[in-house]
Number of protein chains: 2
Amino acid sequence: MTTSQIRSDADLAIALRIAVGRLARRIRAERAAKGLPELSDTQFAALAALVRHTAMTPGELAENEKVQPPSMTRAIAVLEERGLLTRAPHPRDKRQVALTATAAGRSLVEQVRRLREAWLARRLRELSAQERSVLRAAAPVLDKLSQS
Amino acid sequence: MTTSQIRSDADLAIALRIAVGRLARRIRAERAAKGLPELSDTQFAALAALVRHTAMTPGELAENEKVQPPSMTRAIAVLEERGLLTRAPHPRDKRQVALTATAAGRSLVEQVRRLREAWLARRLRELSAQERSVLRAAAPVLDKLSQS
DNA sequence: TATTGTTATACTCTATAACTATA
DNA sequence: TATAGTTATAGAGTATAACAATA
């Protein structure tokens, strides 16, 4: 089927699955391209979470990224070696550790995001004004879908 | 920023990046959920390519999925062990191998797709008719974006 | 006793290099 | 000589199980 023949919700689901999957892969591919430090998905996701929520613990990060605690331990070790995060004692619980992104860590997350967004913004400029306005209307709906 | 305040193309790029990335992860997560045979991304992508284009060679599959030939050799070996594809001599070139998905392979690819689309179709039914029509208009534009 | 985090160990996936068979 | 595919081997990432420190 082609996307110009979307009738039922089932057809819409198929068209969205294909387009969203391919677009997400294309956006993700922009990370590796530009000589930035290579981080795995888990490492990057953990660092991005720390940029957003400061002083998270390894357990919270593991839960957040749906990996097992030992996997997060390893990811954190790599990020610490590269100076992208620091550890501090947890204020109340001596078993836990409070992690914080360094300035270098925050900067790296921003650079990667800018790369991805720049690629997408270039593609958007190649669309017609009408196509862009369709996407502008769709963005909040896609966001809602993604949160369900 | 929230998606209700999308003004510039840069803002639109940010909103789309976030929503598309999250939605793609959510759709992909439906594969593992339901007791189907576990296949890696490369294995599944190779099998899906064989469902679409019959009698591909290992080299074509490797090129198609952007992996090195030895990685595809391994993926093919797993798919063959599980009875999801079969090998045949290449008609002209004895160095090459012609691969074909078995009935079981085709069936598995369809089941995984149905799972993902069913999840998405359920989410779509929770939207208003107007939201669905916005997505219906956006699907071809997203498709075009993803192909650039 | 339960929980947080780490270490030990094994499995999977991918890559590069070397090899075999065919063109 | 060059090409298609495979085998050998190593590196990165994740998981389960076992352990130490703390609650």
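Values below: all heavy atoms of this structure, side chains included; hydrogens, waters and symmetry mates excluded. In the text below, chain A, chain B and the rest are named by the order of the sequence lines, each starting its count at 1.
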5' priority, DNA chain D, between A:Lys66 and A:Lys94 [closest heavy atom]: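 Looking at DNA chain D, the more 5' nearest nucleotide goes with A:Lys66.
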Atom [atom1] of [X] to atom [atom2] of [N]: distance rounded to whole Å?
| X | N | atom1 | atom2 | result |
| --- | --- | --- | --- | --- |
| B:Asp41 | C:dT12 | CG | C1' | 12 Å |
| A:Arg82 | D:dA12 | CZ | C1' | 11 Å |
| B:Phe44 | C:dC13 | CZ | P | 15 Å |
| B:Glu38 | D:dA15 | CD | P | 12 Å |
| A:Gln68 | C:dT6 | CD | P | 15 Å |

On the nucleotide C:dC13, are OP1 or OP2 found under 4.0 Å from the side-chain N or O atoms that B:Ser71 carries?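 No.
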Indicate whether OP1 or OP2 belonging to C:dT14 is found under 4.0 Å from a side-chain N or O atom of B:Thr42.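 Indeed, a polar side-chain atom of B:Thr42 lies that close.
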Is A:Arg136 paired with B:Asp9 through a side-chain N to carboxylate O contact shorter than 4.0 Å? yes
Under a 4.0 Å threshold between the charged nitrogen and the carboxylate oxygen, would B:Glu126 count as salt-bridged to B:Arg123? yes
Report yes if the side chains of B:Val112 and B:Arg116 come closer than 4.5 Å at any heavy-atom pair, otherwise no. yes
What distance do A:Asp143 atom CG and B:Ile18 atom CD1 have between them, rounded to the nearest 0.5 Å?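 Rounded to the nearest 0.5 Å, the CG-CD1 separation comes to 7.5 Å.
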Which atom pairs, one a donor and one an acceptor, fall under 3.5 Å between side chains of residues 43-66 of chain A and the rest of the protein, sequence neighbours left out?
residue: A:Gln43; atom: OE1; partner: A:Ser40; partner atom: N; Å: 2.9
residue: A:Thr57; atom: OG1; partner: A:Glu60; partner atom: N; Å: 3.1
residue: A:Glu60; atom: OE1; partner: A:Thr57; partner atom: N; Å: 3.0

Summarise how protein sits on nucleotides 3-11 of chain D as a single string, 5' to 3': B when a protein heavy atom is under 4.0 Å from the base, S for sugar-phosphate-only contact, - for no contact. BSSBB----
When all nucleic acid strands are considered with a 4.0 Å heavy-atom cut-off, which category describes A:Gln43: base, sugar-phosphate, or nothing? sugar-phosphate
Under the criterion side-chain contact (heavy atoms from CB on, under 4.5 Å), which of B:Val78, B:Thr100, B:Leu79 is the partner of B:Leu85? B:Leu79
